[in-house]
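Step one of this worksheet: look at the structure below.
Just so you know, these numbers come straight off a predicted model, no measurement behind them. Every heavy atom of this structure was used, including side-chain atoms; hydrogens, water molecules and symmetry mates were not. Just so it is clear: chains get the letters A, B, ... in the order the sequence lines come, proteins before strands, and each one is counted from 1.
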Amino acid sequence: MNHLDPQRHVRGESQYLDDVPTQQGTLYAAVFESPLAHGKLLNLDLSAALGAPGVVRILTATDIPGYNQIGGIVPDEPLLAEGHVHFRGQPVALVLARTEHQAHAALKLIKAEIELLPIITDPRVAAAQGELIVPPRTFKIGDSEATWASCAHVFEGVAESGGQEHLYIETQGAYAFPTEMGGVRIISSTQGPTAVQRHTAHVLGLGMHQVEVDVTRLGGGFGGKEDQATPWGALAALGAFCTKKSVKLVLDRMADMRMTGKRHPYSSDFKIGLDADLKIVAYEVIFFQNAGAAADLSPAVMERTLFHATNAYFVPNVTATAYSCRTNLPPNTAFRGFGGPQGMFVIESAIAKAAEELGVAPCEIQRRNLLREGDLFSYRQPAEMCHAEQAWDTAAQQYNLAGLRAEVELFNQQNKLFKKGFAVMPICFGISFTKTPMNQARALVHIYSDGSVGVSTGAVEMGQGVNTKIAHVAARTLGISVNRVKVESTNTTRVANTSPSAASATADLNGKATEMACAALRERLLRHAEVEYTLNYEGLEIRDEEVLAAGIPAETNWEKLVTSAFWKRVCLTENAHYATPDLHFDATTNQGYPFAYHVYGTAFTTVTVDCLRGTYTVDALRIAHDFGQSFNEVIDRGQIEGGAVQGIGWMTMEEIAYNAEGRLLSNSLNSYKIPDIYAAPAVLDVHFLDTPGHPKAILRSKAVGEPPLMYGIGTYFALRDAVRAFQPNSALPFSAPMTPEKVLVSLYPEFSASNTAWTPAAAVATSASS
Amino acid sequence: MIEFYLNDQPIRTSEPPASALLDFVRYHEHLTGTKIGCREGDCGACTVLVGELAADGQTVNYQSMTSCLTPLGNAHGKHIVTVEGINAAAGQLTPVQQAIVEEGGSQCGFCTVGFVMSLTGHSLSQKPATSQSTIAAIDGNICRCTGYKSLERAAATLTAQLADRPTENAVAWLSEQQYVPAYFESMPAKLARLRTEAAASKAAEETNTTAGSGASTVSASPSGPTGYGHAQSQNGHSNNSLRHLVTQSLIGGGTDLMVQRLEELREQPVRLVFDQAGRRGIHQDVGRVVLGAATTASHLLESELMRSLIPQLPQYLKLVSSTPIRNMGTVAGNFINGSPIGDLTIMFLALGAYITLADPAGNTREPGHARLVPGLQKAG
């Protein structure tokens with residue numbers, strides 16, 4: 001959102017990919033996907049489709065002039081299937097036709113002959129068969145194994161969290177144009193323009209300089225367009241390259257849901273040891289990540305699970321191991337939180353398990369074990385400027401923790417068929433790409449001779465407000481009105497070699513680069529003013545577009561200063577590069593200093609369960625959050641509220657279901673429910689903690705993108721609490737999402753053969769066939 | 001020929017009646033403010049307003065509908081409003097737009113226009129605005145970012161502003177307050193003229209019966225007394241042949257057919273029943289209530305009669321999809337669909353409803369509801 005973006009959004013004037021005016025002669029592309037989840041591709045019969053009305057060409061792997069490879073971390077993902085297919089929905093061929101309708105109609109005429117091979121959908125089965133994307137990783141501090149004997153209490157269990165469909169309302173797509181130099185220009189709905197550029201160049205056998213990628217804005221990304229926008233960009237480009245016509249490819253909703261990966265489901269084993277004072281002394285966890293059929297970002301997601309395996313707690317002895325398991329599902333990918341939520345869900349499950357067994361409230365254990373200044377994480381970075389206890393204690397005071405708990409208790413004493421539940425969810429989230437080299441950004445700032453300013457960075461606007469923040473940073477640094485600043489589209493020819501807009505770090509990285517460029521321009525202009533107007537450089541500043549010398553207005557202002565600088569041939573353009581200082585991480589020892597800083601917060605969740613129906617409402621979510629020094633409270637509050645509701649969706653109603661054949665059953669909005677306005681908590685309070693922020697955060701305003709998603713985890717545990725208030729003896733598995741169906745089964749275990757008999761697949765199969 | 005107003009522009013088009021209004025708006029008229037999110041009526045990004053001239057000919061009743069599921073033929077004789085049709089000149093914001101901007105209710109912006117249209121439609125409603133009704137107006141809009149709390153705050157601002165809306169001449173007040181542009185005041189007269197012209201051309205056509213005027217003709221009126229308006233000839237010969245009418249697909253609100261069979265229906269002659277006056281309405285007969293086939297879920301919800309007979313109706317209907325879909329989905333469509341998610345079916349099965357089926361020749365039979373739906377997606 002540029003600072004004026006919302007004004008254009010409400011008028012429907014903001015341009016998204018599908019709104020780009022269509023060039024004459026444009027061909028429309030449709031993707032033929034593998035109908036089976038695993039098999040040998042024996043033959044592809046295109047003859048009937050080639051004869052269909054409007055079909056111009058059908059491209060397969062053999063038409064790729066360069067390398068048929070788009071794997072980012074591991075080269076294990078062809079752009080178009082070759083020899084084998086590994087998941088249902090894998091792109092096999094690209095139909096190019098004169099209209100979108102004709103392209104889609106032709107898909108039905110393609111016949112693929114596939115010899116079926118065994119299908120794996122369960123990560124534990126994959127691990128048992130050695131189907132791993134990368135070797136397992138273990139983060140270790142202290143010696144958990146040696147500690148168990150001395151623990152007062154040890155508990156073990158299994159925790160499972162489901163996937164999550166991104167459901168950006170704008171589906172994936174790209175529009176590619178052949179260029180006169182034999183390259184391509186791609187308008188892409190991607191969080192990673194450079195990834196689209198790099199892989200397209202590779203596929204087409206071109207230098208990266210021959211591929212231009214431009215992004216104006218996304219209609220939502222949430223991680224789903226970080227790596228997985230690449231296939232559509234590269235396919236459209238392949239079409240344009242081969243036909244010398246512009247090619248547009250936009251996935252329809254069901255194709256998007258079938259073909260793209262989601263948040264990784266995890267199945268995990270945990271073991272937790274506490275001392276007599278309820279201090280956690282040891283924690284062991286093994287994560288089985290369902291990676292899907294190719295690596296995509298799974299190794300990095302898995303790594304962040306390990307980084308956040310202990311959430312906001314200090315545990316002296318930790319052994320955390322993770323397996324990235326190859327299954328025959330679409331490659332799972334980045335999703336807000338990037339593995340962190342999955343790790344946190346498991347330790348919260350372990351704490352809940354311990355609390356339930358010991359007959360204490362989970363918050364008694366949680367509060368006692370919060371991180372303090374200087375505590376080491378398992379990766380050896382110390383918690384610095386740590387606000388974990390401050391967040392908890394402020395929330396407790398602000399929202400009256402004891403009172404909230406007492407209210408729930410009283411309600412439950414007085415009500416039989418409705419029960420309330422309560423949970424506290426503290427969070428700690430590390431900010432930076434954990435792959436250190438990605439923590440760099442550039443900004444290109446032009447001051448035009450009339451005093452207006454254009455800023456280009458690598459940041460992609462997708463609703464998180466990064467463009468507004470960048471415009472603000474530029475205006476503040478130059479001392480001018482934000483109305484003079486335009487944030488340009490994100491374009492690989494203006495700012496090269498960018499990191500994707502991800503990891504919550506986009507505003508920090510690109511904002512810092514913008515600040516540096518603008519500071520250099522400001523200094524250059526003031527040096528010019530010193531000479532031009534014979535002023536003392538010391539004490540010169542630009543404030544509210546006035547030039548002040550020792551606080552007194554000089555005989556010039558911003559516009560005049562810029563114009564005179566131009567006529568004196570002063571350079572009014574600056575390009576700055578920012579690399580987050582001091583970061584390092586050794587992936588062989590799993591130790592180092594990977595994060596610029598951590599973000600803290602605490603949320604209280606209260607829910608009410610209808611114990612006749614299993615339905616529930618989230619009554620209140622009360623949050624105390626560490627924003628640092630927020631300089632745009634509207635945007636930052638929106639990120640917290642939005643992230644939390646998305647997290648609630650993941651933990652409650654959003655249930656991804658595949659059948660044993662690897663077919664997605666929750667394949668449309670009709671069978672996959674995401675929060676609507678009634679699902680948002682009736683009360684959603686956000687308290688801005690009084691924290692100083694961090695010097696590595698832009699203008700000391702801390703990153704806000706991902707951390708709030710994890711407040712949603714509290715809803716799972718609050719629901720569990722409510723179920724236990726009705727049915728204290730229910731043997732509840734730790735299994736998210738906690739759908740109303742699961743709640744109902746948990747409330748009446750005697751009516752179901754077993755708690756595990758519930759399969760989402762069975763339920764979805766019924767409605768999907770409607 | 002389908003004739004209607006799109007914003008302030010008259011439209012005459014021979015596009016297929018079962019094509020989606022959404023595609024017409026975006027790709028035929030190039031109005032790109034209306035977005036495509038799911039094409040199954042679940043996200044609300046394509047919400048438009050559909051204004052229908054009231055029986056008195058003096059007012060236009062506006063309802064929000066998802067344009068992805070609205071058959072273009074159902075726009076006939078209506079005022080279709082997209083965001084471009086409510087935008088004020090010179091970048092000024094309407095109060096709805098202003099409230100969303102001020103509360104930060106637009107993040108990525110892709111769903112935003114849908115919310116703007118739903119809330120604008122609510123402002124045009126003739127009933128008093130309550131905080132509940134304002135939220136209900138946006139219950140069919142998904143914001144994945146998700147700005148629901150900001151949108152709730154925006155809704156509260158609007159509810160307060162709408163407290164001043166007069167019951168008489170509401171459109172004049174709304175136009176003065178810039179909720180809608182001034183041309184809205186002229187819409188009743190424009191739609192009335194459209195209605196008169198349509199009736200005239202229908203009469204002319206009827207005097208000209210067996211003309212066999214070539215393929216792809218569409219009868220002019222959507223509300224012919226026989227109830228087979230928009231029958232499109234399959235071969236250009238016997239336009240009124242009962243045999244052809246029997247084979248033509250019937251479309252009610254389109255809320256399921258337009259999801260499942262859009263591509264197929266586009267290519268076919270269809271019969272639209274949504275607008276047939278004779279197929280609408282709820283009235284009390286001796287010992288029973290009679291619902292017209294084209295009665296929508298919203299009609300049920302608004303019916304004093306239904307609410308007095310079934311006090312729990314509003315709670316139940318709240319679970320039936322969302323406001324725009326309730327504005328479109330018909331009772332008959334719901335029954336004949338035979339789907340387990342045909343929510344009205346459940347209630348009427350429980351009530352032991354009887355159904356009268358009529359064939360094009362006017363022969364009727366009356367199976368019990370349970371006999372009509374013997375199994376999943378089957379109709380008896």
Which heavy-atom pair separates B:Cys108 from A:Met462 by the least distance, and what is that distance?
CB-O, 3.3 Å
So CD1 of B:Ile36 and OH of A:Tyr16: to nearest 0.5 Å the spacing works out to 14.0 Å
Evaluate the side-chain contact (heavy atoms from CB on, under 4.5 Å) criterion for residues A:Arg11 and B:Gln97: first the C-alpha distance (whole Å), next the side-chain angles of each, then the deciding distance (0.1 Å), finally the verdict.
CA-CA 7 Å; A:Arg11 290 173 56 86; B:Gln97 292 168 333; 3.8 Å; yes
Could you give the distance from NE2 (A:His101) to CD (B:Glu267), rounded to the nearest 0.5 Å?
4.5 Å
Looking at chain B, which one of A:Asp256, A:Val645, A:Val250, A:Thr22 has the largest number of heavy-atom pairs inside 4.5 Å, strictly under?
A:Val645
Is it the case that the side chain of A:Glu170 and the backbone of B:Phe110 share a donor-acceptor pair, with hydrogens and angles ignored and the cut-off at 3.5 Å?
no
Charged N to carboxylate O below 4.0 Å: is that the case for B:Arg26 and A:Asp18?
yes
Got a sec: does the CD of B:Gln315 have more than 12 other heavy atoms crowding it under 6.0 Å?
yes
A:Val20, part contacting chain B, at a heavy-atom distance under 4.5 Å:
neither
Atom pair CD (A:Gln7) and CD (B:Gln92), whose distance is rounded to the nearest 0.5 Å
11.0 Å
Which distance, rounded to the nearest 0.5 Å, do you find between the CD1 of A:Ile677 and the OG1 of B:Thr134?
10.0 Å
Hey, are A:Glu641 and B:Arg153 close enough for a salt bridge, meaning a charged N less than 4.0 Å from a carboxylate O?
yes
Count the heavy-atom pairs under 4.5 Å between each of B:Arg39, B:Lys318, B:Met117 and chain A, then report the option with the highest count.
B:Lys318
For the NZ atom of B:Lys149 and the CZ atom of A:Arg637, what is their distance to the nearest 0.5 Å?
11.5 Å
Salt-bridge criterion met for A:Asp19 and B:Lys35 (N-O under 4.0 Å)
yes
Which atoms of B:Phe115 are under 4.5 Å from chain A, going by heavy atoms: the side chain, the backbone, both sets, or neither?
neither
Is it the side chain or the backbone of A:Pro21 that comes within 4.5 Å of chain B heavy atoms, both, or neither?
neither
Looking at B:Gly105, B:Gly109, B:Gly33, which one has more heavy-atom pairs under 4.5 Å with chain A than the rest?
B:Gly109
For B:Cys43 and A:Leu669, work out which heavy atoms get closest and say how close.
CB-CD1, 3.9 Å
Minimal heavy-atom distance between B:Asp139 and A:Tyr678, with the atoms involved, is CB-CE1, 3.4 Å
Could you tell me which portion of A:Ser14 (side chain, backbone, both or neither) has an atom closer than 4.5 angstrom to a non-hydrogen atom of chain B?
backbone
What part of A:Gln646 gets closer than 4.5 Å to chain B, counting heavy atoms only: side chain, backbone, both or neither?
both
Side chain, backbone, both or neither: which part of A:Glu165 has a non-hydrogen atom closer than 4.5 Å to chain B?
backbone
Against chain B, work out which of A:Asp676, A:Leu684, A:Val634 has the most heavy-atom pairs shorter than 4.5 Å and name it.
A:Asp676
One should read off an interatomic distance between A:Lys673 NZ and B:Ile142 CD1, to the nearest 0.5 angstrom, of 8.5 Å
Qualifying residue, where the test is side-chain contact (heavy atoms from CB on, under 4.5 Å) with A:Val10 and the options are B:Val83, B:Val101, B:Asn87, B:Val113:
B:Val101
Name the region of A:His104, side chain, backbone, both or neither, that has any atom closer than 4.5 Å to a heavy atom of chain B.
neither
Chain B contacts, top residue of A:His166, A:Arg336, A:Met257 (heavy-atom pairs, under 4.5 Å)
A:His166
Check whether A:Ala682 gets within reach of chain B through its side chain, its backbone, both or neither, counting any heavy atom under 4.5 Å.
backbone
For B:Ser106 and A:His9, work out which heavy atoms get closest and say how close.
OG-CD2, 3.1 Å
With heavy-atom distances below 4.5 Å as the criterion, would you say the side chains of B:Arg144 and A:Pro675 are in contact?
yes
What part of B:Ala136 gets within 4.5 angstrom of chain A, counting heavy atoms only: side chain, backbone, both, or neither?
both
Heavy-atom distances under 4.5 Å only: say whether A:Ile169 touches chain B with side chain, backbone, both or neither.
both
Taking B:Gly104, B:Gly91, B:Gly147, B:Gly41 one by one, which has the highest count of heavy-atom pairs under 4.5 Å against chain A?
B:Gly91
